[in-house]
*Asks:* 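So that we are looking at the same thing, I have put the structure below in structure tokens.
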There are 2 protein chains.
Amino acid sequence: MPVFRDNGKNALKKLRKDLRSGFYSFLVLSILEREGDLHGYAIRKGLEILSEGKLVPSEGTLYDLLKSLRKYGLVEDFQTEVGGRFRRYYRITDSGRKVLAELKNEVQWLMETLGKVL
Amino acid sequence: MPVFRDNGKNALKKLRKDLRSGFYSFLVLSILEREGDLHGYAIRKGLEILSEGKLVPSEGTLYDLLKSLRKYGLVEDFQTEVGGRFRRYYRITDSGRKVLAELKNEVQWLMETLGKVL
DNA sequence: TCCTATACATCGGACTTCGATGTATGTTCG
DNA sequence: CGAACATACATCGAAGTCCGATGTATAGGA
């Protein structure tokens with residue numbers, strides 16, 4: 001039993017994580033729509049600025065996430081050489097834009113509903 | 001490959017789910033704080049009313065969730081007999097109240113940050 | 001020279017969510 | 001009367017997510 005007499009510290013950390021991680025896909029799509037094509041590292045940097053360092057997936061998570069978004073056809077990726085070095089850029093697709101628009105409504109609704117709970 | 005030429009429908013469903021499920025623990029704690037002791041089924045009913053049927057975990061999820069909250073000491077459960085029938089009630093603990101208070105701040109902050117993104 | 005930042009990617013482990021399945025009793029309605 | 005639905009509990013397997021560790025490589029600054 002690793003978690004015993006937790007006094008809420010681990011629990012809080014975990015629940016905070018749960019709250020935040022649900023928005024990762026939404027945020028990645030948002031930043032790609034807003035800033036244009038970016039590579040993985042730049043996406044993370046962008047999210048750091050956007051959220052004051054708080055809504056940023058780990059690197060492992062981000063690459064899994066991008067893979068998943070690609071699988072669903074919401075982003076596409078292409079490789080380029082920048083200064084002789086390989087870079088993989090991501091671009092939001094038309095399908096991605098549509099999904100993002102719906103997600104914005106969802107987030108809006110969520111905010112209203114949570115406002116009632118608070 | 002089950003997901004191919006998705007055109008965004010499955011993706012949207014999945015991303016919506018991700019957005020919502022992060023709030024389940026928060027909502028369960030909220031409803032227990034607000035309504036007092038409840039059993040599993042009543043928690044689900046309560047969330048249905050609170051969220052117009054939209055922020056409601058499946059039964060399987062709810063029982064897993066309650067188990068997890070219990071493990072962290074955020075809720076405690078006790079068995080009662082109501083009309084000759086077994087019922088398991090859940091109650092938020094002091095630790096749970098403290099964590100919930102912090103989560104409320106978190107949600108508040110999240111709403112503000114997302115407001116900027118929208 | 002060493003550390004940090006940039007940049008990519010994979011892997012295992014822990015955990016979550018869902019839907020299916022199973023067990024019961026109570027109520028309602030045709 | 002009998003079927004269907006609501007109430008109520010719980011478990012299981014499958015799929016997926018997130019993290020942190022690990023690994024590779026270059027550039028630039030202290």
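Values in this document were obtained by computation on a predicted structure and should not be read as measured data.
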*Asks:* Can you check the Leu47(B) CG to dT17(C) C1' distance for me, whole Å?
*Replies:*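 Atom CG in Leu47(B) sits about 15 Å away from atom C1' in dT17(C).
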*Asks:* Calculate the interatomic distance between Asp77(A) atom CG and dC8(C) atom P; express it in whole Å.
*Replies:*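 Distance, rounded to whole Å: 11 Å.
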*Asks:* I need the CZ-P distance between Arg20(A) and dT17(D), as an integer number of Å.
*Replies:*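 Distance, rounded to whole Å: 20 Å.
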*Asks:* Measure from the side chain of Lys14(A), starting at C-beta and using heavy atoms only, and say which of dA9(C), dT6(C), dT16(C) lies closest.
*Replies:*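 Nearest listed nucleotide: dT16(C).
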*Asks:* Considering only side-chain heavy atoms of Arg87(B), which listed nucleotide, dC8(C), dC9(D), dC18(C), is closest?
*Replies:*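 Nucleotide nearest to Arg87(B)'s side chain: dC9(D).
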*Asks:* Are any of Ser68(A)'s side-chain N or O atoms less than 4.0 Å away from OP1 or OP2 of dG16(D)?
*Replies:*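 Checking Ser68(A) against dG16(D): no side-chain N or O falls below 4.0 Å of OP1 or OP2.
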*Asks:* Regarding Gly40(A), tell me which of base, sugar-phosphate or nothing describes its non-hydrogen contacts under 4.0 Å with the strands shown.
*Replies:*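 Sugar-phosphate, no base atom in range.
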*Asks:* With respect to the phosphate group of dC18(C), does any side-chain polar atom (N or O) of Tyr24(B) fall under 4.0 Å of OP1 or OP2?
*Replies:*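 Yes, Tyr24(B) has a side-chain N/O under 4.0 Å of OP1/OP2 on dC18(C).
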*Asks:* Quick one: Asn10(B) CG to dC18(C) C1', roughly how many Å, whole number?
*Replies:*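 Result: 15 Å.
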*Asks:* Looking at every non-hydrogen atom in both residues, tell me the closest pair between Gly40(B) and Tyr63(B) and how far apart they are.
*Replies:*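 Minimum heavy-atom separation between Gly40(B) and Tyr63(B): CA-OH, 4.3 Å.
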*Asks:* Side chain of Tyr90(B): nearest nucleotide among dA7(C), dA10(D), dT17(C)?
*Replies:*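 Among dA7(C), dA10(D), dT17(C), the one nearest the side chain of Tyr90(B) is dA10(D).
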*Asks:* Return the polar atom pairs (N/O with N/O) between nucleotides 22-25 of chain C and the protein under 3.5 Å, or none.
*Replies:*
none

*Asks:* Round to the nearest Å and state the distance from Tyr63(B) atom OH to dA8(D) atom P.
*Replies:*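 It works out to 9 Å between those atoms.
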*Asks:* With sequence neighbours left out, write down each residue that passes salt bridge (Lys or Arg N to Asp or Glu O under 4.0 Å) with Arg34(A), or none if nothing qualifies.
*Replies:*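 Checked Arg34(A) against salt bridge (Lys or Arg N to Asp or Glu O under 4.0 Å); zero matches.
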*Asks:* Could you check whether Arg70(A) pairs with Asp77(A) (Lys NZ or Arg NE/NH1/NH2 to Asp/Glu carboxylate O, under 4.0 Å)?
*Replies:*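 Answer for the salt bridge query: yes.
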*Asks:* Can you tell if the side chain of Leu32(B) reaches within under 4.5 Å of the side chain of Tyr90(B), non-hydrogen atoms only?
*Replies:*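 SC-SC contact between Leu32(B) and Tyr90(B) confirmed.
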*Asks:* Look at the side chain of Lys17(A) and decide which nucleotide, out of dG16(D), dA9(C), dC19(D), has an atom nearest to it.
*Replies:*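 The answer is dC19(D), which lies nearest to the side chain.
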*Asks:* Should the pair His39(A) and Tyr89(A) be assigned to parallel (<30°), tilted (30 to 60°) or perpendicular (>60°) ring geometry?
*Replies:*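 His39(A) vs Tyr89(A) ring planes: perpendicular.
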*Asks:* Lys104(A) and Glu33(A): salt bridge (charged side-chain N to carboxylate O under 4.0 Å, His left out), yes or no, with the steps?
*Replies:* CA-CA 12 Å; Lys104(A) 282 181 182 168; Glu33(A) 191 195 42; 3.2 Å; yes
*Asks:* By salt bridge (Lys or Arg N to Asp or Glu O under 4.0 Å), which residues pair with Arg20(A), not counting sequence neighbours?
*Replies:*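 In terms of salt bridge (Lys or Arg N to Asp or Glu O under 4.0 Å), with neighbours along the sequence ignored, Arg20(A) is linked to Glu106(B).
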*Asks:* Expressed in angstrom and rounded to an integer, what is the separation of Tyr41(A) atom OH from dA9(C) atom C1'?
*Replies:*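 Those two atoms, OH and C1', are 14 Å apart.
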*Asks:* From the list dA6(D), dG16(D), dT17(C), which nucleotide is the closest neighbour of the side chain of Lys71(A)?
*Replies:*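 Nearest to the side-chain atoms of Lys71(A), counting from C-beta on, is dG16(D).
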*Asks:* Between dC19(D), dC8(C), dC18(C), which nucleotide has the shortest distance from any of its atoms to the side chain of Pro57(B)?
*Replies:*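 Closest nucleotide among those given: dC18(C).
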*Asks:* In whole angstrom, what separates Leu65(B)'s CG from dT17(C)'s P?
*Replies:*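 Rounded to whole Å, this separation is 6 Å.
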*Asks:* By nearest heavy atom, map Asp18(A) and Asp64(A) onto DNA chain C; which one lands nearer the 5' end?
*Replies:*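 Mapping each residue to its closest nucleotide by heavy atoms, the 5'-most match is Asp64(A).
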*Asks:* Is any side-chain N or O of Thr61(B) closer than 4.0 Å to OP1 or OP2 of dT16(C)?
*Replies:*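 Negative; the distance criterion is not met.
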*Asks:* Would you indicate which nucleotide in dC8(C), dC18(D), dC9(D) comes nearest to any side-chain atom of Ser21(A)?
*Replies:*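 Of the options given, the side chain of Ser21(A) lies nearest dC18(D).
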*Asks:* Are there more than 12 heavy atoms of other residues, nucleotides or ligands under 6.0 Å from atom NZ of Lys14(A)?
*Replies:*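 Atom NZ in Lys14(A) is crowded, with more than 12 foreign heavy atoms closer than 6.0 Å.
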*Asks:* Taking only the side-chain heavy atoms of Lys67(B) (C-beta and beyond), determine which of dT11(D), dT7(D), dG20(D) contains the nearest atom.
*Replies:*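 It is dT11(D).
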*Asks:* Taking CZ from Phe23(B) and C1' from dT16(C), how many angstroms apart are they, rounded to a whole number?
*Replies:*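 My rounded result for the distance is 16 Å.
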*Asks:* Tell me whether the side-chain N/O atoms of Arg88(B) come closer than 4.0 Å to OP1 or OP2 in dA10(D).
*Replies:*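 Checking Arg88(B) against dA10(D): at least one side-chain N or O falls below 4.0 Å of OP1 or OP2.
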